[in-house]
Participant: 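Next up is a structure, given as C-alpha cells.
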Amino acid sequence: MQNGKVVSMIRFDSVSKRFPNGTTAVDDLSVEFSEGGITVLVGSSGCGKTTTLRMINRLVDPTAGTITLGGRDVRDLPAARLRRGIGYVIQQAGLFPHRTVLDNIATVPTLLGWGRRKARARAAELLEVVGLPADAGKRYPNQLSGGQQQRVGVARALAADPPVLLMDEPFGAVDPVVRALLQDELIRLQAELRKTIVFVTHDIDEAVRLGDQIAIFRTGGHMVQCAPPAELLARPADDFVAGFLGSERGLKLLSLVTLAGVPYEPVGSVRSTATVKEARDAAAGRWLLVVSPDGGPAGWLDTGALEGLPGTSAVAGLALAPARGLRDSDSLLSALNETVSSPAGVAVRVDAAGVVTGVTGQDVLHARQRSLT
Amino acid sequence: MQNGKVVSMIRFDSVSKRFPNGTTAVDDLSVEFSEGGITVLVGSSGCGKTTTLRMINRLVDPTAGTITLGGRDVRDLPAARLRRGIGYVIQQAGLFPHRTVLDNIATVPTLLGWGRRKARARAAELLEVVGLPADAGKRYPNQLSGGQQQRVGVARALAADPPVLLMDEPFGAVDPVVRALLQDELIRLQAELRKTIVFVTHDIDEAVRLGDQIAIFRTGGHMVQCAPPAELLARPADDFVAGFLGSERGLKLLSLVTLAGVPYEPVGSVRSTATVKEARDAAAGRWLLVVSPDGGPAGWLDTGALEGLPGTSAVAGLALAPARGLRDSDSLLSALNETVSSPAGVAVRVDAAGVVTGVTGQDVLHARQRSLT
Amino acid sequence: MIDLLSQLAAWLTSSGQWAGPEGIAQRLLEHVQYSFLSTIVAALIALPIGLFIGHTGRGAFFAINISGFGRALPTVGVVTLVFLASGLSMTPVYVSLIALAIPVIVTNTYAGMIAIEADTKDAARGMGMTGLQSLWRVEIPLAAPLIMTGLRLAAVQVISTATIAAYVSFGGLGRYIFDGLAQRDLTQVLGGAVLVAGLAVTVDLILAGVNRVLFRHRLT
Amino acid sequence: MTIEWQWLSTHTDDLWALSLDHLSTAIPAVLLGLLIALPLAVVAHRIRPLRGVLLGLSNIMFTVPSLALFVILLPITGLTRTTAITGLTIYTLVVLLRNTVEGLDSVPAKVREASLAMGRGRVGTLLKVELPLALPVIMAGVRVASVMTISLVSVASYIGYGGIGQLFTDGFQRNFPTPVIAGVVLTLLLALAADALLVLVQWLCTPWIRKGARA
Amino acid sequence: SGGATTLDTPASAPGSAAAGDSAIVIGTANFSENQILGYLYADVLKGAGLTVTVKPNLGSREIVVPALQNGDIDLLPEYQGSLLLYLDPKATESDSDALQKALTAKLPQGLAVLPPSAAEDADVFTVTKESAAKYGLSTLADLAKHNGKLVFGGPAEDKTRQIGLVGLKEVYGAEFKAFKSLDASGPLVKGALKSGDVDVANLFSTDADIVKNGWVMLTDPKHLIPAQRIVPLIRTGKATETVKTALAKLNTALTTEELSKLDALVDVEHQDPDTVAAEWSKAHGLSG
Ligand SMILES: Nc1ncnc2c1ncn2[C@@H]1O[C@H](COP(=O)(O)OP(=O)(O)OP(=O)(O)O)[C@@H](O)[C@H]1O
Ligand SMILES: Nc1ncnc2c1ncn2[C@@H]1O[C@H](COP(=O)(O)OP(=O)(O)OP(=O)(O)O)[C@@H](O)[C@H]1O
Ligand SMILES: [Mg+2]
Ligand SMILES: [Mg+2]
C-alpha cells in the first residue's frame, strides 16, 4: 500500500475523447485526482463520467492528450497488465454470472497467477471485509440480492489490493437504505486502505458524503468545477453547479461541519429516578431534560404535566418527548435537526462516553457563520 | 368533475390478497383514500403497493374483504367498464409501442366510442396539459425520452377525465431533475383538477411533497400508518416508520410549514444606487443589505470592504454575497437554508411584489416550535 | 467445374427451356402455387393456435414442444405414408408441406405473443380493454413482426421442400432435379437446385422487405 | 392402411441396426457443423461486415433442396457416407452459426467489459467468459440442428446412406405402409431422445442457471 | 433375419476386411427384384466358400454403376438391354447375344459381364384390359392409330431414351398426347395406370401386378425392346473361376418364372429379399 500511494496519482492533461460517430464525450480535460483520496465525478446522464473513468484503465483510448498514473503514461504498459493493477467496479456490479461469488472475487489474483488456493483464501478474506457471510462464496451472483452483488463487485475490485480503484456508479441499483449502508462501509474501508479512488455517481448527496474532491461535469464532456465538497457548496463556480447542488445547498454544507468547538450551555435536568417535587424544583422553562442513570438523555419532560401530581410520586413512567445526545463528531446538520425536532428547541450535547454535558440552541447557526470565513 | 368528486372515495374493508403461490401481498387492509386528494402509498420493494393499487381497478381480485368506490363495491361493474372510468398510470409508462403518442393518449376515449376526431382533439389538448410540444403527438413512444414518456402515460390516464387516478411509480424511471419537474406539474394539475389520486412510490421525499395523506406499508402487506405528512413526520407510529422517514425527519417537517405568520424584524439597508458614505451611515453590523431599484434584495455588502474607499464613490460595483428574498408562501426549510447560507445569518423577507419587508433569523426555529403544538 | 457452370448458364438462359408446358416458367408457376397454398393453409391453421396459446398462456408446453416435434418429422416419410394411404394425388405433397410449416408458424406466433411486455398488456387491460380488444388492438400488432418472421421462415422452408412434389410425379421445380437424376443430366439437377434456391431467396428478401416497411417505426 | 405387427416383431434387429446407421450419419454431421460454426461465428460476431455475408451464405445454402445437394456432392465425394455427412453439415450451419452469433451477442456488454477490465485478454475473455455465457443459446441451436439433421438423414437414402430413410423407399416400392410408419416413429423417437439428452447436457453444464432460483 | 433394409448381411460382418481379394462386395439398386438377385448372388458365392458383403438399396443405376467403377462395390446384378443403353444411349441391339457382345465392347476398363441368366425382366408397354378393348390395342404398332390421344407414363428417363418415346416413334411411328414422369414399374406408374391418369405404362415383365390386374402387355413385333436377361456385372479383378462357376450355376437354375415368383413373395407377401433368396437357393441346392 505504501508503495501504492507513491505511484497512484492520476493526472489528465488536455484529454479529449471523440467517438467515431462524432459524439464528444470528454472535452479538453485537465485535472488531478489526488492520491489516497476519493475523487467523485458527478454530472447528468451522458456527460462523459464513464468515459473519463474508462480512459484511466484504457478501456477507452483518448483521441487527444495524455493520462498519467503515478507519473507514467498509461500507454506505456500493456493494457492487460495495467488493468490488473487497477480495481474496477462496474455499474450494477457486472459480475460473471457463470462463476461462483468466490471465483468472481478471485478473478484478478488468478490472472496474476497466485495459485488457486491462495486466490481463494484471499477471496474468502474479502468476503468478510465487505460484510458478506462466508457461505455466500459458493453461490452464483443471481442468487444474491442487488446490494450483495454490489459488495461482491467491490470485493472483486479489491482482490489484488490495487492502489487505484475505479468505481462506476457502484451503488446505483440499490434502494436508499442499502445504499447508505454501502456508503458507510466504503468510508470505513477507505479509512483503513487509503486507495486512490475515482468514483462516479449522479447523486450529489452521495458525492458530498464520500468525496474528498468532487468534479462536476456538464453535457458535452466539460468539467465545470473540481473542488472539495465544502468549497463547492460554499462557492459554486456558476449557476449550473449551483443548480446541480440543489436548493438546500446551505444545509448540505452543515453536514460537512462537526459540532467540535461549538459552545454549549448548562441545562437544568433531573435523573429519571427523581420525584415530581425534585423535577418541579429543577424546572426553568416548560421543558425539562430527564437524564437516564448512565448519564445519557432520556427525553424531555413537559413540566405542565407535573401539575396536580403528588410531589412524592416518581418521574419515571411519565411521557417523555424523545431527545438524542449529540457527540462532537456529529454534524451541524444533525444538531440543527435536533434543535428543530426537540420541543425545547435545543440539541442535547454529550461527551465521548455519552454523558450529557449541556445543550446548544441558536449557536448552531452561529457556528455555521464562523465556519464561513 | 363535480360528479366525479361525489363518487370517488375509495374504501378498503379488511382486504387481503394471497397469491396462489402463497405470497401474502396485502394483509387485512382497512383504509380510506379521501376524495379529491392524493394518497401516497410508500414502502420498500415487494410490500404490496402495486397489488393494493391494482385491486382498485380489479386487475387483481382480493381474496378477502371488499373495496368500494364512491360507496359501490367495485365488483358490481363489469371490469372493463370500471377500468375505463379509472385512469391508470403504469410503472415506467407502459405505453403501446406500436401506436403514436396521440393514439396512445386517445386509447380510452376511443374505447368509450368518442369518435376518432373528438378523441384526437382531446389527446392533442392533453399533450399541452402535460407540457409536451404538439409535434410529439405524431411520434412513437420509443422516440421520446423517459421523462416525456412518463408525461404521455399521465396524459393517457387523464384522457377520459376519470374522477379517479391510479399512478404506480409514475416518475420512477427519470433522473432527479426531471422528476422534480414532473412533480411540480402534477401539483399544478391537481390544484386544478382535484382528482382522487392513489400514488405509489418508494421515495419518501416524493411522498411528503405530493401526498395529502401517506400510507406506509411494510413487507408482508401490512399498512403500518396512514396519516397526513406533517403528522407522520411529527409522530411516526413506530421505529419502522421513523427509520423509513430518515434521520432528517425534523427538517423535512419544516418543508411543510410556510413562513406566513412568522414575524420579521426591520433591517438596515441601502439602495444599490447609494454612495459609500450612505452605506457607512446605514451599517449596523458587519453585513449590510443592498436593495435593488425594484425593491428586491440585491445582496449582502461586507462593510469591512468599505474601509479606505472615498465616501462619494458608488456602492454599485462592489462585491455582494447573494441574498434571496423569501415570500410568505416559501417554506420554513428554505428560510432556514437562507439563514444558514447568508453571511448575515438571517433570511430576507419580501412581500408578494418582491419588495424587501425585513429579515427573520432565529425566529425560524421558534416558528417551528409553535407549529409543534 | 467451369464446364458445368457454363452448361448451367446455357441451360438457364436458353429460351426454349423457359416456354411451354414443361418449361421453366410453367414449373416455376407450379412451384409457387404449391408453396403458396401450403403456406397459406398452414398459416390458417397455425395462427389461431399460436395466438390462442400466446394470449391465454395456456398450452405453452405444447407450443414449445410442437416445434421440436415438427422439425423431427421426416418429410420423405410423411409423403410416402400419405401416398400409401391416399393414392396418387397432390394430397401427400400438401399434407407434408403443411405439416412442415405449421410448427414454425405456431412457435413464432407464440414467441411474438409472449415477448410482449407484461406492462403493455397490463396497460391494455388497465385502460379497460376487453380480452379481444387487447388481442386485436395491442397484442397482434405488437407480435406482428415475429409472426411475419415465422411466415417467412415457413415460406422458405416450404419452397425448398416443395421439390418433393416431383417425387410423387407432380410438377414444380423439383421435376428438374428428379428428371435430371434419372436422365443422368447433372446440369438439369443443378439448374433445378439453383432455381429453387433462387426462388426461396427471392421470396425471403421480398418478405423481409415487407416486414421492414410495415414495422419501420419499431426499429429505433 | 394397417400395420403388420408381425413384420415389426421380426425386424427389431434391423430397426436397431438402421437407427445406429442413422445416428452414425447424423452425429458426425452435427459435430462437424459445430466445429465449423464456432470459429466462423466468432469471426462474424467480431467483424460486423462479415456477419451479414456469412449468415446470408448459410441461409442460401439452406434453401438448396437437400436431394439436389447430395447429388451435386456425389461427383466430389463419391458414393460414401462422407457425401451424406457433408451435405447435412452444410444444413446444420444455418442454425448453428446464427445461434452462436446470437449467443455471443447475448453476453451482456458489462460482463465482457468486466473481464477485459480485470486484465484478461481477448482470447481469454472469449474462452472463459463469452462462450460459457453463450452456451444456453448455442445449445438451443445444437438442439434444433440435431433434430433437424436426424429428420433430414432419410433424404440420403437416395444415395444409400439414409439410415431409417431406407424404410421409406422400401415401403414405397412395395406399397407396404408398415416400414414407413415404423420409420417415421423411429425418427421421431431418435430426435426426441437426442433432444432430451442435449437438454440434460446443457443442464449439467450451466449450474449458474440451474441454481439461480432467485433471479 | 437381415431384411430388405439392412446394410450388411450378418454373415459378412466378421473378417470381411481381412479377407482381402477373395472378399466380394455386392451392391444392389433400390428395387426389390435387384435386391433379391443380390442376395441370390451372395448365397451362391458363400456356398462356394467366399466372403461376401451385400450393400442393398444403394440407389438407381446412375448411382450404383459409378460406385462399381470406383471400387465401392464389386458385383452388381444387371439387365442386358438397360445396361447397354446406359453405356451407349444410341445402341440399337436387341437380341441377347448381340447385346452381350456389345456390352463386352462398351464396358469401361476393369468391368466385365458374365454370361446371362435364363431369367429375363424386360420392359413391357402395358395397357389396361379396358383400354385394350376400347382402342383395339394388342401390339405396339396399334399405338400409331391413336397418335396424340394417349398419355404415356414411365420413369423420367423414358422421355429421352430408345426404349421409350424415342424408339416408339422411330420404330412404330407412335406419338403421345403427353408424357408423365413416374417411376420404374413402381407404385406411381401402376397407380397412374390403374386410375387412368396414363393409358400406356412402361412396366417390368416380372411384375406380379400385371397378372393380378389383368393388364395387357403389348407385343413388340419389330423388336424395339432389347432382351433384358439378367447379367452379373463385375469388376474384372474379382471374376475368378470360382465366382464364374458359382454364378453360372445360378444363372442356369433361375428362370423368368422363378424370378417372378420370388418378386411376388417380396412385393406382395412382404417377405424379406434375403430370406426369400436364402430359401430359394437352399431349395435348389445352390447355397452349399
Ligand atoms: N462507444 C461509444 N460510441 C459513441 N458514443 C458513445 C460511446 N460511449 C459513450 N458515448 C457517448 O458519449 C457520451 C458520454 O458517455 P458516458 O457513458 O461517458 O456518459 P456518463 O456520464 O457515464 O453517463 P451515464 O450517467 O448515463 O452513465 C454520451 O453522449 C454517450 O452517448
Ligand atoms: N402475480 C403474482 N404472483 C405471485 N406473487 C406475486 C404476484 N404479484 C406480486 N407478487 C408478490 O406479492 C408481493 C407484493 O408485490 P407488489 O408488486 O404489490 O409489491 P410492490 O410494493 O409494488 O413492490 P415494488 O416496489 O417492487 O414494485 C411481492 O412479494 C411479490 O413478489
Ligand atoms: Mg456512465
Ligand atoms: Mg410495484
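When reading the values below, keep in mind they use all heavy atoms of this one structure, side chains included, and skip hydrogens, waters and symmetry mates.
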Participant: Which answer fits C/Leu186, side chain, backbone, both or neither, if we ask what part of it has an atom under 4.5 Å from a heavy atom of chain D?
Facilitator: side chain

Participant: What verdict does the side chain to side chain contact (heavy atoms under 4.5 Å, CB included) test give for D/Asn175 and C/Leu84, after you've listed the backbone C-alpha separation in whole Å, the side-chain angles of each residue and the deciding distance to 0.1 Å?
Facilitator: CA-CA 6 Å; D/Asn175 201 356; C/Leu84 292 182; 3.3 Å; yes

Participant: Please flag which part of D/Leu192 lies under 4.5 Å from any non-hydrogen atom of chain C: side chain, backbone, both or neither.
Facilitator: side chain

Participant: Sequence neighbours left out, what passes ring-ring contact (aromatic ring centres under 6.0 Å, His included) with C/Phe52? Give chain and number order.
Facilitator: none

Participant: Could you list which of residues 85-103 of chain D have a heavy atom closer than 4.5 Å to any heavy atom of chain C, in residue-number order?
Facilitator: none

Participant: When only pairs under 4.5 Å are counted, which of D/Val144, D/Val184, D/Ile164, D/Thr149 shares the most heavy-atom pairs with chain C?
Facilitator: D/Val144

Participant: Residue by residue, which of residues 44-60 of chain D have a heavy atom closer than 4.5 Å to a heavy atom belonging to chain C?
Facilitator: D/Ile60

Participant: Please give me the minimum heavy-atom distance between D/Thr187 and C/Ala72, naming the atom from each residue.
Facilitator: CG2-O, 3.7 Å

Participant: With D/Thr77, which residues qualify under side chain to side chain donor-acceptor pair (under 3.5 Å), at least two apart?
Facilitator: D/Thr83

Participant: Relative to chain D, which segment of C/Thr163 carries a heavy atom at a distance below 4.5 Å: side chain, backbone, both, or neither?
Facilitator: side chain

Participant: Just so I understand: if I count every heavy-atom pair under 4.5 Å between each of D/Leu188, D/Leu190, D/Val147, D/Leu74 and chain C, which residue has the most?
Facilitator: D/Leu188

Participant: What distance separates C/Asp204 CG from D/Thr63 OG1, expressed to the nearest 0.5 Å?
Facilitator: 8.5 Å

Participant: Check whether any side-chain heavy atom of D/Ile72 lies under 4.5 Å from a side-chain heavy atom of C/Leu190, and answer yes or no.
Facilitator: yes

Participant: Are the side chain of D/Ser151 and the backbone of C/Arg71 linked by a donor-acceptor contact shorter than 3.5 Å?
Facilitator: yes

Participant: Heavy-atom distance under 4.5 Å between the side chains of D/Phe62 and C/Ser160, does that happen here?
Facilitator: no

Participant: Against chain D, label C/Phe178 side chain, backbone, both or neither, depending on which of its atoms sit under 4.5 Å from a heavy atom there.
Facilitator: side chain

Participant: Among D/Leu69, D/Thr169, D/Val71, D/Val153, which residue has the highest count of heavy-atom pairs closer than 4.5 Å to chain C?
Facilitator: D/Val71

Participant: When the aromatic ring centroids of D/Phe168 and C/Tyr167 are compared, is their separation below 6.0 Å?
Facilitator: no

Participant: Decide side chain to side chain contact (heavy atoms under 4.5 Å, CB included) for D/Tyr158 and C/Leu181; before the verdict, give the C-alpha distance in whole Å, the side-chain angles of both, and the deciding distance to 0.1 Å.
Facilitator: CA-CA 10 Å; D/Tyr158 227 92; C/Leu181 207 60; 2.9 Å; yes

Participant: Considering all heavy atoms of both residues, which atom of C/Ala193 and which atom of D/Val64 are nearest to each other, and what is their separation?
Facilitator: CB-CG1, 4.1 Å

Participant: Pick one of side chain, backbone, both or neither for C/Val156, based on which atoms fall under 4.5 Å of a heavy atom in chain D.
Facilitator: side chain

Participant: Kindly give the heavy-atom pair with the smallest separation between C/Ile177 and D/Ala68, and that separation in Å.
Facilitator: CD1-CB, 3.9 Å

